[in-house]
Each structure stands twice: as structure tokens, then as C-alpha cells.
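In what follows, a single structure is set out as C-alpha cells and then discussed.
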There are 2 protein chains.
Amino acid sequence: MRGVTGTRPPAPEGERPAGTRRARPAYDHSSLVEVAARVFNERGYDATSMEDLSAAAGITKSSFYHHVRGKEALLRAALERALDGLFGILDEPAATAGTPLTRLRHIVRRQVEVLVGELPHVTLLLRLRGNTETERWALGRRREFDAAIASLVREASAAGELRAGLDPAVDARLLSGLVNSLVEWYRPGRVPVDELVAEVDRMAFEGLLAQGPAGDGRRA
Amino acid sequence: MRGVTGTRPPAPEGERPAGTRRARPAYDHSSLVEVAARVFNERGYDATSMEDLSAAAGITKSSFYHHVRGKEALLRAALERALDGLFGILDEPAATAGTPLTRLRHIVRRQVEVLVGELPHVTLLLRLRGNTETERWALGRRREFDAAIASLVREASAAGELRAGLDPAVDARLLSGLVNSLVEWYRPGRVPVDELVAEVDRMAFEGLLAQGPAGDGRRA
DNA sequence: GTCTATAGAACGATAGAC
DNA sequence: GTCTATCGTTCTATAGAC
């Protein structure tokens, strides 16, 4: 069911089994994509020239072109990496078995991990404004992902696993917003990932208060 | 104490007592600032020309200049409006009296209201990247505001009003991130503001779960 | 006549195309 | 390196309300 709508571009060349090495430093495709994503985030996609990208990678523009097809292909590769990470979560066993709440909670925790692990790529994804066709494609995929979360929130709410009384659609937006807001401040090193995961999970599902909620115990 | 750091530009001319009318449509300064903020958000500040702005306002570029000092002044006015709204919250009685948690909770709820009421201006503020001097000034002010929130979270945590065990600095970031993420999806009309306020408050402080937390009852 | 919102024209600067 | 388009900005003029 998942990943059906997204058009999959031709498999990226330049992939290489782990452990295989080159004599030269061997700029591999994925590290150049990461550099590109970082510069795109700093300067903005439009404002970034191929000169900027090759300079950031430490090679000349012509060498750079030997490794990548072009600017838009780089953008697309970076966005695919973010989206593959996110959609990959939905296929994990723990995301497909158990109660809606259990699955949702697993997905949120894994989403934080993917977001941190693919920080430049996900940041790029979350800052898209939909100017080019590639951007609109990625935005569509992202909406699919958000819809999967929203659907799960709705299920969990209907099953009485979430606090009753308010709008599950809004809760889903807030939940995604909370997780996605990490890209605005989180930088690797300062806060351990597992601690971050615990904090986000706790805030989202249990809240910040010391005591339990003023529970009226009703179910939907 | 608040609002001290911000340099205040010369008072905007063109202000006029309420009720006074002009024969011509009379574009007032604040509505032009709002239009500008909206277009800045759509196109990005750099990519927006004065031609774009005047066209969006429905007058020619030269007419537009009769009402505003220039592009950067418009940006600054929009950012000031956002910042004044936010800092104004910190001076409200309910934000200065009561326990840290009470004050924090009031601020968060009011922050949602300001964010919705000044949506284009706050959106602009939250998307700044710090390219120009004005942007850096606004980012500094915004950091001051976030620091005030963080300080309050720390106080509430120290007072045992928040769940113990994790990092108050991270909680403060998450709380701000949750609230600020509203600008990415909220549009007036669909969800009533008071409902939105209730949802954000509930998620932040009580969490999404139906039952209370697995409270171990310990205090910091 | 005075005031002012509006508009047309043009200037200096600059960024990108070629 | 040159040329051109566009940008932010300013100047001058007109037209309508009081």
C-alpha cells in the first residue's frame, strides 16, 4: 500500500558495496548528495550554483559533473534519501503489527531517529516550497507520509487509545510538527539520539506535566 | 527588562487617529506591511521585488514608495509586528504572576493566539535565515524570547511542576517547536482558534494518551 | 489653492547572459 | 569582458478632495 503513488526514478548509478574502496579518495555519489543537501539548506536551492557545490566538495566543477548528472538530479537524490528513510519506517514489522497506538508510537520514535540520521536530507525535504516539478513530487510524497500518520492517529483515537474530545486531524498535524521541528535546532553531538527519542515520545504522548491528566476517564 | 535590547526605529509616519477617513482608498501602512509579509513568505525576501509588492497591493511601484520607506523597512516593520506581539505576552499580568507552570502555560496559549493573529508576520520571523542585518537583529530578538521560555521551563522543572528525569533545555526546544510548527499548516477558518489553543496546550502538557502517565511519582 | 495619493520616467548599481 | 535586464530608489507631474 505504501510507496505505490511515488514514481521511482531510474536506480542511482554510483552505488557500491560497502567495503569496496577506490585508489583515489573516491567521492562516492551519496557523500556528494549529502554535501549538496547541506549547501542547499544553507543557501537555498535556487541561490546555489554548481560552482558552490563543487567548491564545497573540494573539487572542480568539471570533476563534480563527472560524478553527478546535474543540479536537479542532486536535489532529487537528496529528497529520495529522506523519503526512503521515512517510508522505510512504515514497512518495519513494529509499524505493521500491534494496536494503532503501539504502531504510532514506534513510528514516531523511529521518525526521530531517521530525521537525525538523515538530517540534511530531511531538512531539505521539510523546507521545500514547491517551485520546481521535483519539489512538487517530493511534497506529494511527504503528504502521503503525513497522511499515513494521520490515519494511524485516527485509528488510535477511534480505538480509545488517545485522549477523547478533540480533533484527531489536528493532533496528527501537531504530532508531525513536533517531530519535524527538530531540524530547526537539533545538531548531532550535544544531545544523544536515544535521549532525544525519549523526550519527544514523552512530550507527545505523556505531556510535560508532573502529575497525570485531570482524567475524566471517558472513552470516545 | 523585556524589549530593552531591541533598537526601536523612528516612529512610523502615516499613523492616523481611528475614524479619520480619506477620500481615496488610503492604503494604510500596516495593511501594506501585511501584504508585504505575505509575498515575502511566498517568494522569499530576496526574490521579491518592489514591483511584486506594489502589484500585490494593487498600485504602481512609485505609488507604493509614497507609503513605505523601502524594502528593508517593510521587512523590519513586519518582523517588529511579530516580535511586539510575542514580547507583549511576556508583559501580561498572567505571565508574571503565579507558579512557573501557570505562567508557562498561559504564555504558550497566548503564543498560539498571537501566532494565528499575526500569521504572516510570525511566519516570516520563523523562516529567517540571517542574511541581512535586519534579519540577524530579528533572530537575536527571537532567541531572547525563546530564552525566556526556556528559563520558565527550567523554573517549572526545578519546582517539580514538570515531569522529572529529562533535560529542561530540550523540553523547551520541543515546546517552542510544537507551537511554531503551526505556521506550516494552520490557516484561519478551518479550525477555531480556541480549539487550536486547547489542542496545543493539551498535547504539550498532558500528552496524547488516553490514560495518565505510568507515573512513578518521583520529584526532582 | 492646498494637500496628497497615484503614476510615469529615469538613475545608478548590479547580476547574469553571452 | 561586454551587454542587457532588472532591481531598489528618486524625481517630477497630474488629478481629485477639501
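Naming: A, B, ... by sequence-line order, numbering from 1 per chain. All figures in this text were calculated on a predicted structure; none of them were measured in a lab.
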Counterpart residues, side chain to side chain donor-acceptor pair (under 3.5 Å), relative to [X] (two or more places apart):
X	answer
B/Arg127	none
B/Arg81	B/Glu118
A/Thr132	none

Would you say B/His67 reaches C/dT4's phosphate, i.e. side-chain N/O to OP1/OP2 under 4.0 Å?
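Indeed not, no polar side-chain atom of B/His67 lies that close.
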Do the side-chain N or O atoms of B/Thr60 get closer than 4.0 angstrom to the phosphate oxygens (OP1, OP2) of C/dA7?
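It does, given that an N or O in the side chain of B/Thr60 lies less than 4.0 Å from OP1 or OP2 of C/dA7.
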A/Ala204: what forms a side-chain contact (heavy atoms from CB on, under 4.5 Å) with it, not counting sequence neighbours?
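In terms of side-chain contact (heavy atoms from CB on, under 4.5 Å), with neighbours along the sequence ignored, A/Ala204 is linked to A/Leu175, A/Leu178, B/Met203.
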Taking only residues two or more places apart in sequence or in another chain, which ones pass side-chain contact (heavy atoms from CB on, under 4.5 Å) with A/Ala37?
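In terms of side-chain contact (heavy atoms from CB on, under 4.5 Å), with neighbours along the sequence ignored, A/Ala37 is linked to A/Ala78, A/Pro120, A/His121, A/Leu124.
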Between protein and nucleotides 1-13 of chain D, map the contacts as a letter string: B base, S sugar-phosphate only, - none, heavy atoms under 4.0 Å, written 5' to 3'.
------SBBB---
